[in-house]
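As structure tokens, the structure follows; a few thoughts come after it.
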Number of protein chains: 4
Amino acid sequence: MDVFDRLKQAADQDWQSYVDHRFVRELGAGTLPQAAFRAYLVQDYLFLIQFSRAWALAAYKSRTIPEIRAAQAGLSGILDETELHVRLCGRWGLTPEQLHSVPEHQATVAYTRFVLDCGAAGDLLDLHVALAPCVIGYAEIGKALTPNGIDQIPADHPYREWIGEYAGDAFQQLAVGSRRLLDNLAERSMTERRFAELAALFGKASRLEADFWQMGLDAAA
Amino acid sequence: MDVFDRLKQAADQDWQSYVDHRFVRELGAGTLPQAAFRAYLVQDYLFLIQFSRAWALAAYKSRTIPEIRAAQAGLSGILDETELHVRLCGRWGLTPEQLHSVPEHQATVAYTRFVLDCGAAGDLLDLHVALAPCVIGYAEIGKALTPNGIDQIPADHPYREWIGEYAGDAFQQLAVGSRRLLDNLAERSMTERRFAELAALFGKASRLEADFWQMGLDAAA
Amino acid sequence: MDVFDRLKQAADQDWQSYVDHRFVRELGAGTLPQAAFRAYLVQDYLFLIQFSRAWALAAYKSRTIPEIRAAQAGLSGILDETELHVRLCGRWGLTPEQLHSVPEHQATVAYTRFVLDCGAAGDLLDLHVALAPCVIGYAEIGKALTPNGIDQIPADHPYREWIGEYAGDAFQQLAVGSRRLLDNLAERSMTERRFAELAALFGKASRLEADFWQMGLDAAA
Amino acid sequence: MDVFDRLKQAADQDWQSYVDHRFVRELGAGTLPQAAFRAYLVQDYLFLIQFSRAWALAAYKSRTIPEIRAAQAGLSGILDETELHVRLCGRWGLTPEQLHSVPEHQATVAYTRFVLDCGAAGDLLDLHVALAPCVIGYAEIGKALTPNGIDQIPADHPYREWIGEYAGDAFQQLAVGSRRLLDNLAERSMTERRFAELAALFGKASRLEADFWQMGLDAAA
């Protein structure tokens, strides 16, 4: 078992509340109300801005050029992802102006600033454990929603593009890299005593992710 | 008008949503359900832990001994306040063990980590503007709830002690000091262009405080 | 006068001690001992590692996508510069292994960690003022050493490549951008009271840069 | 062997260059030129300002009230020590005004900002390992200079008060506490792989401390 699987097992209930949230199930089934998805998508854009700051923080906290370069690639990747987001939002009828005028929801503030504070107050391992539900979790969700492969998503599935992105090879490989990074950081600075703290942190981050889905559902209620 | 009054005026609607929240009115009238107050009080204890870290951050970001000493006094004051909180919670039937086993609510995470991130990413002025709704806001609420003075709170008012603390001279003086500090920091690094950003930050912090009251009400719903 | 010219004027003596240091004059004249240049070059490589962390810090401290993107470009540029450095060092007979095994000199630690601390404790303006002697200063030195243009550097000048890099258009444009950024940040958060503090900070950073040249000379003494 | 003894052993040469520096030996023998001591003392005062920021950083990076309280006590202790320093400097003919007008020496900038950056970029263990040569090292020096006890320092020894402070019970107990803290933090987040990194960090901090003594000697040369 790698560190990520250990964290998942230790925080099983919180993890399930996140990856098996009603929002996820309805998104997979294509029955999620558009209003819920749109509310989510806009907040996820605001989320990515803070998320890119988290990767910049990882670069700042690095010691060697390879570490800095890896974090810089992560930062660069997120910045590219925001452009895709702007296009995806456009298809749902949201202009960039609308995206930037929407205030951050409490759920967005809570998870993003929690991650940033874990990173600022702790070390790179704290930061990457706090990020893990997002990076690795989205990859697991993407895979779980495509048991027969991406090609089997019906052409008229309303969330086909979203599911395809996270189930796709590129994102899956990103998640594999993140798991290896966790193992590597843990070899350096994780004892069993610390594992318990990291599992609590991971569980909390998972709950904050679940709250993020809930925000989408509430917007359409 | 000092900087605080300008911020309040610029973010009037957000500010009113906070200081005139139903939680506050019912607390003042003594009609707030005990369950709402208890839920609030426990989260406020967890809030203070992060709040003390914010004062430590202010000390770290200071440049001169008098600045460091002032922030250290703030930190020390918060640590003392947590002890009062433990006692107050005890009177409401909450043991220290219970206090520490309660998970942080999303509303607690959102406001506290937002403040800490404002301070980590910005300068001392950003940090103290983000803190202002709490420090100065509680003083305003305490005063507003005691129009005829603390002595006129009925002896059997269930929230007498809480109101008395924030309406009391010590806390009022603390708020006066915080207003002066804002003016002082603004003289150093606030232009009119920046004022608009600070007003937006202040409005956001006020909304997060309003959400904190709402969490208390929701717990008793 | 833009902010940079004002800073230079206010800290004139410290600034001159840096841009007109004997190391610079001998480098320009081609009379600088190779041992001095090599000692400098190795430490400058170690310097760039910390310098890239400073740009990552700028990205972390940014609030908007354009700001983050600009800092990310700066970070990316520095990482590319380290590769050029490795090649340049190679030409002077230094292997990458040698580069990484050299301990940081006190002068390297002093300037780099001073910049990083200015940025961590202050805001983006503090950070960029601390960086200015390096980014904008090297451009001024490059220009001053090529009064008749880059083409007029003798083909056999031992430091032709180094001078050409900093006198070249690409680096000159980078410095123009840095000056504009200072002006922009100052419009947001610089009052006249703060200018005096920034000038002191700028003077100190300039002295630490002068010490960095001195380290090169001392190595060949 | 506790963590501190392991660090000392792993970085033996750097450690000896610090604790057995000529400055220390001459200070112990009472033969250190006054000019060297005064130059050191003034810089040590400037050092303590940054050192108090390091303790504030430790409080900010803490997670629990006991941790925050311990760091706050450290911060408070340093602030008190600066007052003693002002008095001690006064006896050597230095007014508080003189103390504040002296620019920080490169050696002061290097060690203090190195410690602060270790703490900002790393975790509490990195921070406390970087601080260890100062806190625990001064206690070892104090003890080594008083092999027969404090009472045996001749009454006319010019540096009697300084030696007495660091050889005294209060400071010795502080160092004992720091050693325990290192052990405690290491149990949480130190693997053997990380020990090698920490030993390198400890060695570097020790060399920067040695440079600090050298600065005193150079001032009197």
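By convention in this document, chain letters (A, B, ...) are assigned in the order of the sequence lines, proteins followed by strands, and residues within each chain are numbered from 1. All figures in this text were calculated on a predicted structure; none of them were measured in a lab.
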#### Entry: Taking every non-hydrogen atom, the tightest pair across D:I49 and B:I68
O-CD1, 3.9 Å
### Task
For atom CG of D:D169, decide whether the heavy atoms of other residues, nucleotides or ligands shown that lie under 6.0 angstrom number more than 12.
no
### Query
Say you draw a straight line from CG of D:L75 to CZ of B:R69; how long is it, rounded to the nearest 0.5 Å?
9.5 Å
### Task
Identify which of D:R63, D:Q72, D:Q50 forms the greatest number of heavy-atom pairs closer than 4.5 Å to chain B.
D:Q72
### Query
For D:R180, does the CZ atom have more than 12 heavy-atom neighbours from other residues, nucleotides or ligands under 6.0 Å away?
no
### Task
Quick one: which of B:A56, B:A71, B:A59, B:S52 has the most heavy-atom pairs under 4.5 Å with chain D, could you say?
B:A56
### Query
Checking heavy atoms, do the side chain of B:T82, its backbone, both or neither come under 4.5 Å from chain D?
side chain
### Query
Where does B:E83 contact chain D at under 4.5 Å (heavy atoms): side chain, backbone, both or neither?
side chain
